[in-house]
Amino acid sequence: MPAETRILAVTNQKGGVGKTTTSINLGTALAAVGRKVLIIDFDAQGNASTALGIDYEDRQMTSYDVVVHKVPLEEAILETIVPRLDIVAGDESLSGVETELATDPKRSYRLRDAVRDFADRKTAADEDGYDYILIDCPPSLSSLTMNAMAAAHALLVPLQCEFLALEGLTQLLRTIEVVRSGLNPSLDIQGVVLTMYDTRNRLSEEVAQQVRQHMGDKVYKTIIPRNVRLSEAPSHGKPALLYDYRCPGSEAYIRLASEVLQRERALKAA
Ligand SMILES: Nc1ncnc2c1ncn2[C@@H]1O[C@H](COP(=O)(O)OP(=O)(O)OP(=O)(O)O)[C@@H](O)[C@H]1O
Ligand SMILES: [Mg+2]
C-alpha cells in the first residue's frame, strides 16, 4: 500500500523572502535522506525550475497546463539533477491563470483535484507516490496561492527578518483563517522559518524575537542565515546543497529538513 503524500505549500505573499530558496533546498535535503519529493513550481517567474537546472525548452508541460488544461500531473513531471527530486515546472504562462479560471466556480480546487487524481492512479497501480509535495507559491494571494492552500495539508512560511515582517505575517494569518472557513478546513501551519538572518543586524534579532513571541512553537528552531552561497547556486542550475553542501546555508536547510520530519512524525504519532 503506497504511503500517503504530505503536501506542503511554501507561501508568503511578500516577495523575495526565500520561498523558492526554501522549496528547492528543503526539497533537496528531504530527498537526500531518502524521501521522494515533488516540487510544483507555481510561480510565473519559474525561479524554482531555473534553479533546478530545467531549461525553457524542456518546459513543454507546466503547472499551468495542469491547472488550466487539466493535464494529468504525471505528464508534467520532470526529473531534476537531484536523485528522488522531481519537479512540475512553471513559466510565464502562469500569469494568465487568474483570468482563465475566472468563470469556474471550482477554480481554487484545480491543483487539489489534480494531485488527488494522480495519487489515486498511483494507488490503483500499486506504485509508490511522493512522500512530499512542496508547492513554491508566487508572491501574492492570487488564485494560484488559493489553489496551493486548498491542495495543501499544511503551510511552510518563510519569513525574512526585516522591518514590517510581522505585518505581513498578520495578513497571511488572516488569509489562512479565511481559507480554513471555506476552501480547506483542515489547513495547518507546519511552521514558520526565519530566513536571511543577519547576525550583524540588531533588527534581525528583534524581529526574530517578536515572531517567536507571536507564533511560539510554530517557529522552527533552525534559522536560515544570510549566506551568499544560497544566492549564487541558482545561477549554476543547482540547489545550494549540491553547489556547496558545507556552506552555512546548506547546513541550515539540512537542519530544517530534520525539524520538518520531526514535526511530521509527531503528527503521525498524535
Ligand atoms: N538565506 C539567504 N541568504 C542570501 N540570499 C538569499 C537567501 N535566501 C534567498 N536569497 C536570495 O534572495 C532572493 C530572493 O529569494 P527567493 O527567490 O528564494 O525568494 P522568494 O520568496 O521565492 O521570491 P519571490 O517572492 O520573488 O518568489 C534570491 O536572489 C535568493 O537567491
Ligand atoms: Mg520565488
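Every number for a ligand or one of its atoms is a count from 1 in the order of the listing.
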- Query: Do I54 and L134 belong to the same hydrophobic cluster, where Ile, Leu, Val, Met, Phe, Trp and Tyr are linked whenever their side-chain heavy atoms lie under 4.5 Å apart, directly or via other members?
  - Reply: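 Yes, I54 connects to L134 through the hydrophobic network.
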- Message: I'd like to know if D113 pairs up with K70 as an ion pair, taking the criterion as any Lys NZ or Arg NE/NH1/NH2 lying under 4.0 Å from an Asp or Glu carboxylate oxygen.
- Response: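 Judged by the 4.0 Å cut-off on N to carboxylate O distance, D113 and K70 do not form a salt bridge.
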- Under 4.0 Å between a Lys/Arg side-chain N and an Asp/Glu carboxylate O for K36 and D131? no
Among [options], which one has a heavy atom closest to [atom]?
| atom | options | answer |
| --- | --- | --- |
| atom 3 (N) of ligand 1 | N227, N12, V228 | N227 |
| atom 11 (C) of ligand 1 | C137, S140, P139, S231 | S231 |
| atom 20 (P) of ligand 1 | K19, R226, R229, Q13 | K19 |
| atom 1 (N) of ligand 1 | A44, G18, G249, P225 | P225 |

- Message: Would you say OH of Y245 has more than 12 non-hydrogen atoms from neighbouring residues, nucleotides or ligands within 6.0 angstrom?
- Response: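 Count not over threshold, so no.
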Under 4.0 Å from any heavy atom of [X], which atoms of ligand 1 are there?
| X | result |
| --- | --- |
| I224 | 1 (N) |
| Q45 | 24 (P), 26 (O), 27 (O) |
| V17 | 19 (O), 20 (P), 21 (O) |

Which residue and heavy atom of the protein sit nearest [atom], plus the separation:
| atom | result |
| --- | --- |
| atom 23 (O) of ligand 1 | G16 N, 3.0 Å |
| atom 12 (O) of ligand 1 | M196 CE, 4.0 Å |
| atom 18 (O) of ligand 1 | T21 OG1, 2.5 Å |
| atom 17 (O) of ligand 1 | T20 CB, 4.0 Å |

Any protein heavy atom lying closer than 4.0 Å to [atom]?
| atom | answer |
| --- | --- |
| atom 7 (C) of ligand 1 | yes |
| atom 28 (C) of ligand 1 | no |
| atom 25 (O) of ligand 1 | yes |

- Message: Tell me whether P138 reaches ligand 1 (any heavy atom closer than 4.0 angstrom to a ligand atom).
- Response: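 No; P138 lies far enough from ligand 1 that no heavy-atom distance drops under 4.0 Å.
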- ligand 1 contact by L230, heavy-atom criterion under 4.0 angstrom: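 The answer is yes: ligand 1 sits under 4.0 Å from a heavy atom of L230.
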- Query: Do any N/O atoms on D136 end up under 3.5 angstrom from N/O atoms on ligand 1?
  - Reply: no
- Message: Using a plain distance cutoff, I'd like to know if G15 has any nitrogen or oxygen under 3.5 Å from a nitrogen or oxygen of ligand 1.
- Response: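 No, since none of the N or O atoms of G15 sits under 3.5 Å from an N or O of ligand 1.
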- Message: When you compare the side chains of Q190 and E264, does any donor N or O come within less than 3.5 Å of an acceptor on the partner?
- Response: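 On atom types as modelled, these side chains qualify, holding a pair under 3.5 Å.
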- Query: Measuring to the Mg ion (ligand 2), does Q45 have an N/O/S atom at a distance below 2.8 Å?
  - Reply: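 It does not; every qualifying atom lies at 2.8 Å or beyond.
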- Before giving the answer on salt bridge (charged side-chain N to carboxylate O under 4.0 Å, His left out), spell out for R200 and D198 the whole-Å C-alpha distance, their side-chain angles and the decisive distance to 0.1 Å. CA-CA 5 Å; R200 292 163 307 179; D198 186 351; 3.3 Å; yes
- Are L159 and V17 close enough, and set up right, to give a side-chain contact (heavy atoms from CB on, under 4.5 Å), and what steps lead you there? CA-CA 6 Å; L159 199 79; V17 297; over 6 Å; no
- E259 (side chain) donor-acceptor with K221 (main chain) under 3.5 angstrom: yes
- Without swapping roles, check the side chain of T80 against the backbone of L52 for a donor-acceptor pair under 3.5 Å.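 No, the answer is negative, given that no donor and acceptor are paired below the 3.5 Å cut-off.
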- Parallel, tilted or perpendicular: ring planes of F118 versus Y130, cut at 30 and 60 degrees: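 Because their plane-to-plane angle is under 30°, the rings of F118 and Y130 count as parallel.
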- Query: Any side-chain heavy atom of Y220 sitting closer than 4.5 Å to one from V260?
  - Reply: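 SC-SC contact between Y220 and V260 confirmed.
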- Query: Side chains of D43 and P139: closer than 4.5 Å at any heavy-atom pair?
  - Reply: yes
- Message: Taking 4.0 Å as the limit for heavy-atom contacts, which would you say applies to D43 with ligand 1: side chain only, backbone only, both, or neither?
- Response: side chain
